[in-house]
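All values below come from the heavy atoms of this structure, side chains included, with hydrogens, waters and symmetry mates left out. Nothing fancy with the numbering, it's 1 onward along the sequence.
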Amino acid sequence: MTTPLRLALVQMNIIAGDPEANFAAVQSRLEEAAALQPKPDIIVLPEMWNTGYAMNQIRDLADENGERTKAVISAFARKHGIYVLAGSVAQARGDGVTNTIHVFGRDGETAGEYSKIHLFQLMNEHLHLEAGQVAGRFELDGVPAGMMICYDIRFPELARRLALGGSRIVFVPAEWPHPRLHHWRTLLQARAIENQMYVVSCNTVGESGGTTFFGHSMVIDPWGEVIAEAPEEEMILVADIDLGLVDEVRSRIPVFADRRPELYS
Ligand SMILES: NC(=O)CCC(=O)C(=O)O
C-alpha cells in the first residue's frame with residue numbers, strides 16, 4: 001500500500017534570547033512553506049526555535065505553558081489544513097522549563113507533545129531544563145509517528161522503543177553544531193537502518209555564542225538512503241516520501257521478527 005507524504009523542513013537561523021524575532025521569522029517561514037505547490041502535509045521546525053540556547057535567561061524567556069506557541073501555530077495549522085510539528089520550544093511550567101515539541105493536526109488541535117528526555121550537558125541543558133519522562137508519539141493522518149529531539153538520537157533504545165510501538169517515521173528537531181557533522185549523519189542513518197523507518201531531521205543554521213549550527217537537515221528512508229539534504233544555509237527542504245517503503249524494507253530483511261529480546265538484558 002502506498003502512503004505518499006510531502007514534508008517541508010524549515011531550516012532556519014535562530015536568534016538566541018529574542019523570541020519576538022524568532023516568532024516573526026517562524027510565521028513568515030510557515031507561510032512560505034504553506035504556499036508550496038503541492039502543499040506539504042507536514043511542516044517541521046527546529047529545536048528551541050523560540051529562545052535558542054539563551055540558557056541564563058531561559059526561565060524568563062520560555063513560553064508560559066506553551067500558550068503563545070499553541071495560539072500562533074494551531075491557528076496556522078487550521079488555516080492551511082497542514083500538520084505542524086512545531087520543532088521544540090523552551091516551555092515554562094511552574095518553576096521549571098522543558099524543551100518541548102507541540103504537534104498540531106490539520107484541524108489545529110494538539111496531535112502530540114513531547115519533552116526532551118535526554119538533556120545535553122555540553123550545552124548546559126541539565127543545569128536549566130527539566131527532562132521529559134515519556135516517549136513522544138502522535139498519529140499523522142492515521143500513521144503512527146515518533147518524536148525525538150537532537151541529543152536523543154544518541155540513544156538507540158529510544159528509537160527502537162518508538163519503532164516497536166509502531167512508529168513508521170520519526171521526526172527530529174535539532175540544534176546540532178560543528179564539529180560533529182559525521183556524528184549527526186551517521187546516527188540519523190543508523191536509527192533509520194536499524195529500525196527500518198523514515199527519519200526526518202530539521203536542524204538550525206547560524207552562529208550563537210561561539211557555536212555554529214550546520215544545517216544539513218535531512219530525510220532518510222527506511223533503507224538508510226538520504227533522499228533529501230539541505231546545505232549549510234537557511235532554506236525550506238522539501239521531500240516527497242512513500243510510507244509504503246517501510247513495509248517493503250521490513251519484509252525484505254525481517255529484523256523485527258528476528259530479534260532475540262530474551263537475550264538482550
Ligand atoms: N541540542 C542538542 O541536543 C545538541 C546535541 C549534540 O550536539 C550532540 O553532539 O549530541
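- Judged purely by distance below 3.5 Å, without hydrogens or angles, the side chains of His178 and Glu232 pair a donor atom with an acceptor atom.
- Rounded to the nearest 0.5 angstrom, Asp41 CG and Leu5 CG are separated by 4.5 Å.
- Looking at Phe214 and Thr212, their side chains never come closer than 4.5 Å, going by heavy atoms from C-beta outward.
- Between Thr211 and Met123 the shortest side-chain heavy-atom distance does not fall below 4.5 Å.
- At least one donor-acceptor pair closer than 3.5 Å links the side chain of Glu207 to the backbone N or O of Gly210.
- When side chains are defined from C-beta on, Leu188 counts as touching Ile153, because their heavy atoms get closer than 4.5 Å.
- Annotation for Asp152 and Ile117: closest pair OD1-N, 3.9 Å, computed over non-hydrogen atoms.
- For Asn65 (side chain) and Arg93 (main-chain N/O), no donor-acceptor pair under 3.5 Å exists by modelled atom type.
- With Glu229 contributing its side chain and Met218 its backbone, the two residues share no donor-acceptor pair below 3.5 Å.
- Residues Leu243 and Val255 fall within the same hydrophobic cluster, defined by Ile, Leu, Val, Met, Phe, Trp and Tyr side chains chained together at heavy-atom separations under 4.5 Å.
- The pair Arg29-Glu32 meets the salt-bridge criterion, with a side-chain N (NZ, NE, NH1 or NH2) lying under 4.0 Å from an Asp/Glu carboxylate O.
- Transitive grouping of hydrophobic side chains (ILVMFWY, heavy atoms separated by less than 4.5 Å) brings Ile82 and Val72 into a common cluster.
- Side-chain contact annotation: Asp242 with Tyr198, donor-acceptor N/O pair under 3.5 Å absent.
- The heavy-atom pair separating Gln11 from Val205 by the smallest distance is NE2-CG1, 3.5 Å.
- Inter-residue side-chain proximity for Leu45 and Leu30 is flagged as met; some heavy-atom pair is nearer than 4.5 Å.
- Taking the six-membered ring for Trp and thresholds of 30 and 60 degrees, His80 and Phe76 have ring planes inclined between 30 and 60 degrees apart.
- Inter-residue side-chain proximity for Met148 and His118 is flagged as unmet; no heavy-atom pair is nearer than 4.5 Å.
- Side-chain contact between Trp223 and Gln196: absent, with no pair of heavy atoms (C-beta onward) separated by less than 4.5 Å.
- Using modelled atom types, one side-chain atom of Trp49 and one backbone atom of Ala86 make a donor-acceptor pair closer than 3.5 Å.
- With hydrogens and angles ignored, the 3.5 Å screen pairs no side-chain donor or acceptor of Glu47 with any backbone N or O of Ala174.
- Rounding to the nearest 0.5 angstrom, the gap separating the CG atom in Asn203 from the SG atom in Cys150 is 6.5 Å.
- Leu187 has its side chain within reach of Arg191: a pair of non-hydrogen atoms, C-beta onward, lies under 4.5 Å apart.
- The side chain to side chain donor-acceptor pair (under 3.5 Å) check on Glu64 picks up Arg59, with sequence neighbours excluded.
- In this structure, Arg137 contributes its side chain and Gly146 its backbone to no donor-acceptor pair below 3.5 Å.
- Phe155 and Ile149 fall into different hydrophobic clusters, where Ile, Leu, Val, Met, Phe, Trp and Tyr are joined by side-chain heavy atoms under 4.5 Å apart, directly or via other members.
- Summarising the geometry, atom CG belonging to Leu7 is positioned 11.0 Å from atom SG belonging to Cys202; distances are rounded to the nearest 0.5 Å.
- Checked against the 6.0 Å centroid threshold, Trp176 and Tyr151 do not count as a close aromatic pair.
- A donor atom on one side chain and an acceptor atom on the other are found under 3.5 Å apart for Gln91 and His102.
- Screening residues 156-180 for salt bridge (Lys or Arg N to Asp or Glu O under 4.0 Å) gives Arg168-Asp247 as the qualifying pairs, with residues at least two apart or on separate chains.
- Under the side-chain contact (heavy atoms from CB on, under 4.5 Å) rule, Phe171 has a single partner from Val199, Val103, Ile101, Leu85, which is Leu85.
- Proximity of a side-chain donor or acceptor of Ser251 to a complementary backbone N or O of Glu248 within less than 3.5 Å is detected.
- By the side-chain contact (heavy atoms from CB on, under 4.5 Å) test, Ala90 is found to be paired with Met48, Asn50, Thr51, Ile58, Ala62, Val97, residues two or more places apart in sequence or in another chain being considered.
- Using a 4.5 Å heavy-atom cutoff, the side chains of Met147 and Val170 are not in contact.
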With side-chain contact (heavy atoms from CB on, under 4.5 Å) as the criterion, how do His183 and Arg154 come out once you've worked through the C-alpha distance, each side chain's angles and the decisive distance to 0.1 Å? CA-CA 9 Å; His183 291 196; Arg154 290 188 183 272; 3.0 Å; yes
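- Remark: side-chain polar atoms of Gln133 are paired, donor with acceptor, to backbone N or O of Ala131 under 3.5 angstrom.
- More than 12 heavy-atom neighbours from other residues, nucleotides or ligands sit within 6.0 angstrom of CG on Asp258.
- Closest non-hydrogen pair, Val10 versus Pro46, comes out as O-CD, 3.3 Å.
- A distance-only check finds no donor-acceptor pair linking the side chain of Asn124 to the backbone of Leu127 [under 3.5 Å].
- Thr100 and Ser115 share a side-chain donor-acceptor pair at under 3.5 Å.
- Here the closest heavy-atom approach between residue Asp141 and residue Arg106 is recorded as OD2-NH2, 2.6 Å.
- When the side chains of ILVMFWY residues are joined at heavy-atom separations under 4.5 Å, either directly or via intervening members, Val172 and Ile169 end up in a single hydrophobic cluster.
- For the atom pair NZ of Lys116 and CG of Asn99, the computed distance is 5.0 Å after rounding to the nearest 0.5 Å.
- Residues Val143 and Ile227 are members of one and the same hydrophobic cluster, defined by side-chain heavy-atom contacts under 4.5 angstrom among Ile, Leu, Val, Met, Phe, Trp and Tyr.
- With rounding to the nearest 0.5 Å, the separation of CD in Gln189 from CG in Asp221 is 9.5 Å.
- For Leu9 against Ser217, the heavy-atom pair with the smallest separation is CD1-CB, 4.2 Å.
- Closest of all the heavy-atom pairs between Ser74 and Phe104 is CB-CD2, 3.5 Å.
- Here NZ of Lys70 is found 8.5 Å from CG of Asp63. Values are rounded to the nearest 0.5 Å.
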Given Ile241 and Val219, is the side-chain contact (heavy atoms from CB on, under 4.5 Å) satisfied, shown in steps? CA-CA 9 Å; Ile241 65 169; Val219 177; 3.9 Å; yes
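- Relative to the ring axis of Phe23, Arg68 places its NZ or CZ within 45° and under 6.0 Å from the centre.
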